[in-house]
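Everything below concerns the one structure shown next.
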Protein chains: 2
Amino acid sequence: MITLTEENYIKAIYHLGSNGDTSVNTNAIAEVMQTKASSVTDMIKKLSEKNYADYKKYQGVTLTEAGRVVAVNIIRKHRLWEVFLVEKLNFSWDEVHEVAEHLEHIKSEKLINQLDAFLEFPKHDPHGDPIPDKEGNFQHIEKIILAKAEVGSTYKCVGVDDDSSSFLKYLDSNKIALGTIITIKHREPYDNSIKIALENTEIVVSQNVAKNLYLKKV
Amino acid sequence: MITLTEENYIKAIYHLGSNGDTSVNTNAIAEVMQTKASSVTDMIKKLSEKNYADYKKYQGVTLTEAGRVVAVNIIRKHRLWEVFLVEKLNFSWDEVHEVAEHLEHIKSEKLINQLDAFLEFPKHDPHGDPIPDKEGNFQHIEKIILAKAEVGSTYKCVGVDDDSSSFLKYLDSNKIALGTIITIKHREPYDNSIKIALENTEIVVSQNVAKNLYLKKV
DNA sequence: AATAAAATTTAGACTAGTCTAAAAATATTT
DNA sequence: AAATATTTTTAGACTAGTCTAAATTTTATT
């Protein structure tokens with residue numbers, strides 16, 4: 001049996017190592033897990049013994065295929081629950097993450113597959129992230145970050161990199177949601193802020209914002 | 001913070017002590033918790049320290065008001081999730097218990113209240129048990145067990161005492177569901193089996209069954 | 001290449017929850 | 001009321017996951 005804590009470590013390694021391929025360091029894991037490096041070392045050893053991870057002392061860690069399967073499954077559950085919370089229970093997109101962190105650990109194949117069907121097999125969660133299907137396949141989306149968009153072009157917002165409540169509330173208060181159409185008006189070389197046109201206003205966003213919003217050309 | 005294990009012990013005490021009032025013995029708790037009496041003693045001490053239970057050595061345990069609030073809250077969550085599983089995700093009534101055992105521990109007021117609203121504030125779960133409202137109030141239902149029903153009278157099935165998968169499957173296979181109308185035809189004094197009439201058949205049920213099915217006069 | 005700095009691991013300890021085996025208290029039987 | 005059986009508690013140990021502090025390895029700097 002896999003424990004809740006093991007699942008969370010696997011998820012962290014997956015996210016830190018761009019889907020588990022590249023090696024992840026102990027300190028990075030400690031930071032996202034809000035724990036100490038020594039605890040991470042212990043857990044990595046355990047994951048390695050259980051064949052969820054490959055680990056060589058001082059060399060960081062990667063996931064095995066089995067570990068990647070666990071991670072993708074949790075991500076599937078997390079994102080499906082997020083869709084449920086927003087679409088059926090009227091949560092806003094900045095509120096869902098925390099609750100989904102718990103729901104993602106409920107272990108029932110039937111539950112998650114029926115939920116998927118109930119939601120009519122959504123392809124993306126409320127932040128634009130793709131939802132793996134039953135077999136673990138992602139639907140890839142071609143997207144660029146706002147920071148790299150071309151001045152003069154028009155784009156659709158398709159996702160966020162930062163899904164913190166504060167960033168999402170910022171977007172809400174500026175009337176930016178997934179699907180919103182924006183046109184790039186100007187990039188200020190001094191601080192890399194960007195002026196964008198929305199439906200009937202223009203706003204200037206900081207480089208910070210521009211790095212966390214994903215767009216797709218329309 | 002209250003742990004998952006603490007919640008489960010509190011729930012067990014609540015159920016064993018007819019809603020927490022009457023004193024519950026260590027061994028009884030050990031049995032439902034699938035653990036040893038010595039572990040129960042340890043946990044009872046802890047619940048007592050945290051003021052969820054009143055405990056005197058060798059005298060059994062009762063819940064405090066705080067403990068009762070915790071128990072009712074878990075029951076509310078358990079039963080609402082059961083309704084969700086049956087009504088929205090097409091689970092059958094014998095499949096829901098196990099999954100609901102996990103979902104009941106998700107801690108989010110908003111989640112459970114929105115779920116309640118989404119389900120349109122159901123008053124009973126799929127087994128006929130009442131669902132406490134936000135304030136913890138139950139809707140009482142007047143019901144008798146089939147074993148005590150009068151020969152000649154007509155009743156509606158309103159609940160089950162045993163919600164094990166095997167009992168519920170037995171009912172399914174005999175076309176008995178909540179809401180089914182039955183008439184008591186005969187009580188056999190030899191073994192207390194009872195002959196009942198359904199819509200277009202008559203069946204004989206054992207005393208065992210008769211003790212686990214709740215009825216309401218119509 | 002030697003040294004300093006940073007990252008990682010080990011060693012030993014702590015908590016929650018569990019266990020076994022023995023001791024103590026209560027309940028039951030004679 | 002004494003003896004026996006049952007129930008409950010204590011004592012001490014174990015695992016999972018964590019911690020601090022010290023030791024080790026790797027990386028960066030001179």
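Values below: all heavy atoms of this structure, side chains included; hydrogens, waters and symmetry mates excluded. Just so we're on the same page: letters track the sequence lines, and every chain starts at 1. Keep in mind that what you see is a predicted model, and the values were worked out from it rather than measured.
- Contact annotation: A:Lys57 does not reach the phosphate of D:dT26 (side-chain N/O to OP1 or OP2, under 4.0 Å).
- Across residues 32-45 of chain A, A:Ala37, A:Ser38, A:Thr41, A:Lys45 each have a non-hydrogen atom less than 4.0 Å from an atom of DNA chain C (numbered order).
- Regarding contacts with the backbone of D:dT8, a side-chain N or O of B:Asn27 is found under 4.0 angstrom from either OP1 or OP2.
- Every residue meeting the side-chain hydrogen bond (donor to acceptor under 3.5 Å, both in side chains) condition with B:Lys11, not counting sequence neighbours, appears here in chain and number order: B:Glu101, B:Glu104.
- Here the C1' atom of nucleotide D:dT7 and the CD atom of B:Gln59 are 12 Å apart, to the nearest Å.
- At the phosphate of D:dT8, neither OP1 nor OP2 sits under 4.0 Å from any side-chain N or O atom of B:Tyr55.
- Atom CD of A:Glu98 has 12 or fewer heavy atoms from other residues, nucleotides or ligands within 6.0 Å.
- The side chain of A:Tyr9 places no N or O atom within less than 4.0 Å of a non-bridging phosphate oxygen (OP1 or OP2) of D:dA16.
- Remark: A:Lys110 pairs with A:Ser108, A:Gln114, B:Phe91, B:Glu95 by the side-chain contact (heavy atoms from CB on, under 4.5 Å) rule, at least two apart or across chains.
- Legend: residues meeting side-chain hydrogen bond (donor to acceptor under 3.5 Å, both in side chains) with B:Tyr55, ordered by chain and number and at least two apart, are absent.
- The 5' end of DNA chain D is approached more closely, in terms of each residue's nearest nucleotide, by A:Thr5 than by the other of A:Thr5 and A:Tyr58.
- Rounded to an integer number of Å, the gap from CG of B:Asn8 to P of C:dA16 is 17 Å.
- A:Glu31 places its CD atom 12 Å from the P atom of C:dT8, with the value rounded to the nearest Å.
- In this structure, CG of A:Asn25 is placed 5 Å from P of C:dT8, rounded to the nearest angstrom.
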Result block: side-chain N/O donor-acceptor pairs under 3.5 angstrom for residues 118-130 of chain B, not counting sequence neighbours:
| from | atom 1 | to | atom 2 | distance (Å) |
| --- | --- | --- | --- | --- |
| B:Lys123 | NZ | B:Phe121 | O | 3.2 |
| B:His124 | ND1 | B:Gly128 | O | 3.4 |
| B:Asp125 | OD1 | B:His127 | N | 2.7 |
| B:Asp125 | OD1 | B:Gly128 | N | 3.1 |
| B:Asp125 | OD1 | B:Asp129 | N | 3.0 |
| B:His127 | ND1 | B:Glu82 | OE1 | 3.2 |
| B:His127 | NE2 | B:Trp93 | O | 2.9 |

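- The stretch residues 57-67 of chain A participates, sequence neighbours left out, in these salt bridge (Lys or Arg N to Asp or Glu O under 4.0 Å) pairs: A:Glu65-A:Arg68.
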